[in-house]
Amino acid sequence: MCAVVGVFGVENAAQLAYYALFAMQHRGQESTGISSADGERIHLIKKRGLVTDVFHKGRLKLLEGSCAIGHNRYSTAGKDSVLDAQPVFAKYKLGEISVAHNGNLTNKYEVRDELIEKGAIFQTGMDTENIVHLIAKSSKDKLSDRIKDMLTKIEGAYCLVIQSRTKMFVVRDRYGIRPLSLGKLKNGAYIVASETCAFDLVEAEFIRDVKPGEMLTFREGKEPKSEMIFEPDPHPCAFEYIYFARPDSIIDGKTVYNMRLKMGEQLAKETPAKIDLVLPVPDSGVAAAKGYADGMGVPFEMGIVRNHYVGRTFIEPTQEIRDLKVKLKLSPIKDMIKGKSVAIVDDSLVRGTTSLQIVRMLKEAGASEVHMRIAAPEIKFPCRYGIDTASKKELISAGKTVEEVRAYIGADSLGFLSVEGLKDSLGNDSQYSLVSFDGQYFAGGNEDSPGCSNYA
Ligand code: AMP
């Protein structure tokens, strides 16, 4: 998960990076950081907490320079040390470097063990540190060549923003698994960000997506240089459309909200139900529920109210707190629901916790029937490319049939979108990364290899 941003060629670069990170807060709430380069040195501030907690005017002023890179970190399972915040900064032979990474490297242990064998010391559990070490140890004279050298040694999913004292480098892996877009600010400076919603806030114009396999180099007074480092083999992550990205973001030319509507419409075709009302699980299921209601020709109502002062359910490390948080977060409008047969639509079902609680809540509110609809296929495999979908044993659909899951969550019926239906909704113009649904680990790793829970 996580968000990255890079701003190049404008005096208040750190402030713009701050706004961009704020717009992308949904991609990570554990910690945040910005480093800036003023031509002579790199300044860095990173801390646990939300963007608005960590940065205030005084702090931002310390981040001088016309280039800034930043990161929001998403973390689970208690690995939330401030040491794991990014960007990762280091001094090395060629000077100073700072790295922000979104994704998950599938060969991190092999690379780390080899580096440790040769005497390297690590401060964190993050795979991003491998990247810094590989750059520092390369024998090439120029940083750009050292980065290319490093890229031949890492595998998996990555969007990288790397900063020296005078330059900025941006790389997207050959599969383009995580999104990364290039924009231009009003004064002609450049911005790259995980999601285009960051551009809207700083009034940057979207130029294009960074291509899978591409490296961009930003130098003062010059246009960005584009080099294709790898033959592209695009596999954009379907889960970005299903759940993770903000609905107003545009990924690879597709507005996320529209994709969710289509998934909902397709879900109505595949798993209709006899219902009076369609309700979304707020906020994650809203667009898909609207699509489902349109497809069914049944009224759509915001029948569950969300308390916005509670964070996303997955952020809490223990199961007990997570259950409690669902209840703290969501509350039904009883008048609307009493005596009705309702469909309740969510974007995905992972452990089944949310669905179980919501079905119970709707029944307690007097619903005569509750039909759970999930606008994604059954999640049977853990993602190894940067979405934290827990281990296989925690994935309820990995071990249970649809009927068994239905019985567990207590719904009158349960329906998932088919993999084919998902592909149709997204458009059959791309080979999407569907690893959570089909277990095709095309970029390395497997269901037993370490995921992103312990890593960036
Ligand atoms: P669960 O309660 O474990 O079945 O998780 C499903 C809920 O978590 C849905 O409401 C999703 O919107 C949300 N969700 C799905 N994937 C993730 C993820 N990787 N991180 C956080 N929340 C997620």
Side-chain angles (χ1 to χ4, degrees), residues 1-2 4 74 76-77 79 86 88 99-118 120 122 124-135 137-138 147-162 170-180 194 210-215 228-240 244 252 379-395 398 419 430-456:
M1 328 268 276
C2 304
V4 291
Y74 183 103
T76 59
K79 292 262 178 178
Q86 295 198 30
V88 176
V99 178
H101 167 213
N102 173 210
N104 190 51
L105 304 183
T106 48
N107 65 341
K108 60 195 152 205
Y109 279 142
E110 292 94 303
V111 171
R112 177 174 285 236
D113 289 351
E114 212 180 304
L115 286 164
I116 289 174
E117 195 58 41
K118 290 187 184 143
F122 283 80
T124 74
M126 288 188 295
D127 49 2
T128 313
E129 249 193 298
N130 292 2
I131 291 170
V132 177
H133 274 292
L134 289 170
I135 292 173
K137 286 184 86 76
S138 165
I147 293 173
K148 288 177 200 164
D149 218 11
M150 172 275 293
L151 292 172
T152 62
K153 302 195 172 89
I154 62 170
E155 283 163 21
Y158 52 84
C159 285
L160 297 173
V161 186
I162 302 174
V170 170
V171 192
R172 193 174 180 201
D173 68 62
R174 77 189 74 186
Y175 308 104
I177 301 175
R178 299 282 136 241
L180 192 64
S194 297
V210 178
K211 293 180 203 134
E214 183 180 24
M215 173 160 126
M228 290 308 293
I229 307 293
F230 299 109
E231 182 73 23
D233 179 13
H235 282 70
C237 170
F239 222 78
E240 291 278 351
F244 204 44
D252 294 327
I379 298 178
K380 289 177 181 280
F381 301 91
C383 174
R384 295 298 173 230
Y385 308 140
I387 296 278
D388 179 50
T389 35
S391 67
K392 193 167 180 185
K393 62 179 187 316
E394 291 172 283
L395 299 172
V419 175
S430 252
Q431 281 261 309
Y432 287 94
S433 168
L434 301 167
V435 59
S436 307
F437 316 117
D438 64 11
Q440 297 291 315
Y441 292 95
F442 57 89
N446 56 54
E447 60 187 58
D448 299 317
S449 57
C452 47
S453 292
N454 300 322
Y455 290 88

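Nothing fancy with the numbering, it's 1 onward along the sequence.
- No donor-acceptor pair under 3.5 Å is formed between the side chain of E114 and the backbone N or O of V111.
- One finds the CG atom of N446 at 7.5 Å from the CZ atom of R384 (value rounded to the nearest 0.5 Å).
- Taking 4.5 Å as the limit, every side-chain heavy atom of Y158 sits out of range of all side-chain heavy atoms of I131.
- Counting heavy atoms from C-beta outward, Y385 and T106 have side chains that approach closer than 4.5 Å.
- Of the inter-residue distances, the one linking N130 atom CG with K108 atom NZ reads 9.0 Å to the nearest 0.5 angstrom.
- Residues T124 and V88 form no side-chain contact, since every pair of their non-hydrogen atoms from C-beta on lies 4.5 Å or further apart.
- Side-chain contact between V99 and M150 is absent, with no heavy-atom pair separated by less than 4.5 Å.
- Taking D149 as the reference, S138 meet the side-chain hydrogen bond (donor to acceptor under 3.5 Å, both in side chains) condition, with sequence neighbours excluded.
- You'll find the side chain of L151 stays beyond 4.5 Å of the side chain of L134, heavy atoms only.
- Annotation: ring pair (Phe, Tyr, Trp, His ring centres under 6.0 Å) contacts of F122 (sequence neighbours excluded): H133.
- The CZ atom of F230 lies 10.5 Å from the CE atom of M215; values are rounded to the nearest 0.5 Å.
- Remark: K148 pairs with E227 by the side-chain hydrogen bond (donor to acceptor under 3.5 Å, both in side chains) rule, at least two apart or across chains.
- No donor-acceptor pair under 3.5 Å is formed between the side chain of N104 and the backbone N or O of G156.
- In this structure, R112 CZ and M126 CE are separated by 9.0 Å, a value rounded to the nearest 0.5 Å.
- Applying the salt bridge (Lys or Arg N to Asp or Glu O under 4.0 Å) criterion to E155, with sequence neighbours excluded, gives no partner residue.
- Applying the side chain to side chain donor-acceptor pair (under 3.5 Å) test to residues at least two apart or on different chains, the pairs with a partner in residues 171-180 are R178-E240.
- Side chains of Y432 and P236 form a contact here, defined as non-hydrogen atoms less than 4.5 Å apart.
- Atom NZ of K380 sits about 12.5 Å away from atom OG of S436, to the nearest 0.5 Å.
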Sequence neighbours left out, cut at 3.5 Å: what donor-acceptor pairs do the side chains of residues 437-445 make with other protein atoms?
unit_1	atom_1	unit_2	atom_2	d
D438	OD1	Q440	N	2.9
Y441	OH	P382	O	2.7

